[in-house]
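Comments concern the structure below.
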Amino acid sequence: MTDNPETPDVVALWRKALEDVSGAMMAAARTPPKLDTTRPFDPMALFRTMSDFAVGLGERPQQLLEVQMAAAREWGEFWALAWLPRPPLAEGEVKPRGDRRFAHADWDETPYYRTIRDAYLLASKQLHGLVESGTGDTPNRAMMNFLIDQFLNAAAPTNFAMTNPEVVQRTIETGGANLAAGFAHLVEDVTAGKGIVQRRTDKSFEKGKTIAATPGSVVFQNHLFQLIQYDPATPDVAAEPLLYVPPLVNRFYMIDLQPRSSLVKWLVDQGRTVFVISWVNPDERHRDCGVEQYVLDGIVEAIGVARKASGAAKVDLFSFCLGGTLVAVTLAWLQAKGRAGEVNSATLIGSMVDFGDMRDWAAFVHEAHLEALEGHLEQQGYIDSTELQQLFAAVRSNDLIWSSVINHYLLDRAAPASDLLYWFEDGARIPQAFLKSYNRGLLFSNAIKHGKGFEVGDVAIDLATVKTPIMLIALKDDHVSAWEAVYDGAKLFGGPVTFVLGGSGHNAGVINPPAANKHGYRTSDARPEAAADWLAGAEKQVGSWWPLWDSWLSEHGSGERVVARVPTDPIEPAPGSYVSITHDA
């Protein structure tokens with residue numbers, strides 16, 4: 001043992017690291033590797049894309065020469081300046097915000113690390129520029145950008161022990177025990193066979209106690225969902241109840257995390273009756289459940305139950321991501337059936353209805369990948385939550401893969417406990433029929449933008465017929481539903497649409513309690529054709545968009561208050577049993 005309590009006990013660290021390595025290796029020996037017979041993507045499409053890109057460059061030798069000459073000039077300038085000392089910041093000058101991977105002070109203050117960082121960033125810029133010049137607006141552009149991002153993110157100097165100053169410092173402190181323990185974590189993750197870096201934290205959450213804990217009851221269930229009604233917190237409530245429609249890929253409780261950040265609790269505290277759909281985690285029995293079943297047996301059924309349970313003529317719908325796309329389809333179906341009066345208003349958060357601009361996700365909406373996915377789904381009847389998590393992690397690899405590689409494989413440190421990341425990792429399956437109808441009917445063909453080509457039952461879905469008041473809430477840094485694409489979707493509805501641009505990203509931008517007073521949002525009554533023009537004229541507001549939305553709901557409601565509604569004939573307490581179905585192997 002050392003005398004200084006702040007100095008790590010290197011012997012103890014090595015003892016534990018070797019025990020972890022031994023245990024991991026023994027577990028690996030007992031667990032044979034799993035070999036998948038099919039994949040949810042077509043690897044040959046990736047090779048064809050790279051081949052087409054290389055051939056395309058070869059067919060334009062003059063352009064390639066210009067790119068090479070420009071790169072040579074930039075590298076000459078880089079090395080000419082690399083040896084010069086950096087001038088200190090002037091008084092009052094603020095260091096510009098940079099790449100979060102390079103937050104450690106040594107990346108700025110130590111010439112060795114600074115040169116490595118800047119060389120990497122220059123090479124990254126040049127490779128991205130090469131892809132842009134070599135693909136133009138061709139279908140290969142999205143896939144090549146995705147591939148080059150995967151390469152560059154993997155090759156970042158932060159991911160290697162000798163070129164990451166924090167890892168070097170940690171290795172010196174522990175005598176290298178951190179790397180041995182990290183190897184044990186790597187073996188554990190490979191043995192698990194999930195193809196992901198498992199996130200290790202010092203704290204976990206328990207559904208119904210520390211997370212998803214707002215009091216309520218399950219008041220209805222069928223083969224697709226449970227419906228939760230939350231207990232009131234005020235003597236009277238707004239006449240129109242709220243019904244939340246979540247996406248299928250994750251559980252419902254993103255809006256009911258810890259009490260301090262729970263949107264459900266905040267809405268209940270504002271005097272609103274809140275119902276939430278909790279989708280089942282499907283298995284082989286749900287193989288044939290497509291978009292039609294989730295709309296009719298899911299959302300339409302839930303609207304009827306919520307109206308009956310609350311005694312209200314109308315409900316206010318609110319939704320997130322894919323849930324919002326399904327709500328838009330539901331509104332068009334209700335309109336066609338003469339039942340639009342069952343919904344008072346609808347709020348779509350981070351949801352796309354026009355899929356013409358899918359950014360990074362366009363790489364996966366590709367004929368070859370869709371065919372491979374359909375063959376994969378045919379075999380097992382669903383896409384597994386782990387496969388979906390792999391997909392999301394690949395798109396956000398720095399945040400969801402490489403940060404964990406550094407923490408767990410190089411530093412041997414637990415990641416900070418995060419209720420939002422706990423929710424994100426608590427994924428669910430999606431049935432075969434749903435993915436096929438959604439991918440082909442909505443993403444690939446963008447059918448609902450054109451008002452034809454996609455049907456639910458005997459109804460052609462046409463958003464131009466929808467007259468229900470709608471609020472669209474986009475998120476400025478959204479990597480899933482680009483805010484400009486959400487803005488473009490507003491043009492498809494036939495009724496009044498209010499557009500709000502919140503701050504932060506796809507998930508974090510939703511969880512924005514007023515008490516936190518962060519992120520901010522933008523508003524404007526103007527509706528120019530281009531999203532950029534809207535942004536230029538929008539007014540920046542401070543704090544959370546939640547109170548603005550609550551006021552909008554009141555303005556579009558009847559203004560009546562009724563005695564607080566208590567769940568009757570409960571099936572079981574919230575959060576219910578469907579949220580805990582895991583299908584663990």
Side-chain angles (χ1 to χ4, degrees), residues 39-41 43 45-47 49-50 53-54 71 97-104 106-108 113-135 140-168 179 182 185-186 189-190 194-200 358-364 366 369 386-411 413 415-416 418 421 424-425 477-480 482 504-508:
R39 291 186 177 93
F41 64 93
L46 305 179
F47 290 115
T49 297
M50 290 186 286
F53 174 71
R97 291 181 62 185
D99 193 321
R100 286 185 297 178
R101 292 174 294 179
F102 303 105
H104 193 281
D106 279 354
W107 289 112
D108 277 317
Y113 292 116
R114 185 175 65 232
T115 303
I116 291 174
R117 178 199 64 186
D118 292 348
Y120 166 77
L121 294 176
L122 176 57
S124 299
K125 179 182 78 71
Q126 291 176 341
L127 283 173
H128 278 298
L130 181 64
V131 170
E132 294 298 309
S133 64
T135 56
N140 282 345
R141 179 176 180 176
M143 199 177 298
M144 273 305 302
N145 273 322
F146 172 76
L147 291 171
I148 206 69
D149 279 339
Q150 298 312 299
F151 167 73
L152 290 172
N153 292 341
T158 46
N159 300 333
F160 301 92
M162 293 302 294
T163 53
N164 184 324
E166 188 175 10
V167 176
V168 170
L179 299 179
H185 297 324
L186 171 62
D189 290 349
V190 171
K194 294 185 176 182
I196 56 176
V197 184
Q198 299 183 74
R199 192 170 181 273
R200 297 163 171 85
M358 296 190 62
R359 306 290 169 90
D360 293 341
W361 297 93
F364 304 100
H366 185 285
H369 290 323
T386 299
E387 295 169 324
L388 290 166
Q389 191 174 343
Q390 290 170 348
L391 173 63
F392 279 89
V395 174
R396 293 293 301 278
S397 58
N398 281 332
D399 294 333
L400 301 177
I401 297 177
W402 297 111
S403 64
S404 291
V405 165
I406 294 167
N407 271 325
H408 304 318
Y409 298 168
L410 300 181
L411 294 172
R413 285 179 180 166
S418 167
L421 283 177
F424 173 78
E425 293 170 354
D477 301 321
D478 197 328
H479 64 284
V480 176
S504 194
H506 187 66
N507 300 324

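Only heavy atoms go into these numbers, but all of them, side chains included; no hydrogens, no water, no symmetry mates.
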Atom pair [atom1] ([X]) and [atom2] ([Y]), whose distance is rounded to the nearest 0.5 Å:
| X | Y | atom1 | atom2 | result |
| --- | --- | --- | --- | --- |
| R117 | D99 | CZ | CG | 9.0 Å |
| M144 | L46 | CE | CG | 10.5 Å |
| K194 | E387 | NZ | CD | 12.0 Å |
| I116 | T163 | CD1 | OG1 | 5.5 Å |
| S397 | F146 | OG | CZ | 8.0 Å |
| L421 | S404 | CG | OG | 8.5 Å |

Please report the shortest heavy-atom distance between [X] and [Y], naming the atom on each side.
| X | Y | answer |
| --- | --- | --- |
| Q389 | I196 | NE2-CD1, 3.7 Å |
| L410 | A161 | CD1-N, 4.4 Å |
| D108 | R114 | O-NH1, 2.9 Å |
| H185 | H408 | CD2-O, 2.8 Å |
| R101 | A156 | NH1-CB, 3.5 Å |
| T158 | F102 | CG2-CE2, 3.7 Å |

Step by step, work out the salt bridge (charged side-chain N to carboxylate O under 4.0 Å, His left out) result for D399 and R100. CA-CA 10 Å; D399 294 333; R100 286 185 297 178; 2.9 Å; yes
For a side chain to side chain donor-acceptor pair (under 3.5 Å) check, start with the C-alpha distance between D149 and H128, then their side-chain angles and the critical distance, and finish with the verdict. CA-CA 8 Å; D149 279 339; H128 278 298; 3.0 Å; yes
Given W402, which of V197, N407, N153 fulfils the side-chain contact (heavy atoms from CB on, under 4.5 Å) condition?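 That would be N153; it is the only one of V197, N407, N153 passing the side-chain contact (heavy atoms from CB on, under 4.5 Å) with W402.
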Heavy-atom distance under 4.5 Å between the side chains of [X] and [Y], does that happen here?
| X | Y | result |
| --- | --- | --- |
| N164 | N159 | no |
| Q390 | I401 | no |
| W107 | P157 | yes |
| D118 | Y113 | no |
| L152 | Y120 | yes |
| R141 | T49 | no |
| L400 | F424 | yes |
| R413 | E166 | yes |

CZ (F160) with more than 12 external heavy atoms under 6.0 Å: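 Yes, enclosed.
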Please report the C-alpha distance between D478 and R359 in whole Å, then the side-chain angles of each, then the deciding distance to 0.1 Å, and finally whether the salt bridge (charged side-chain N to carboxylate O under 4.0 Å, His left out) criterion is met. CA-CA 11 Å; D478 197 328; R359 306 290 169 90; over 6 Å; no
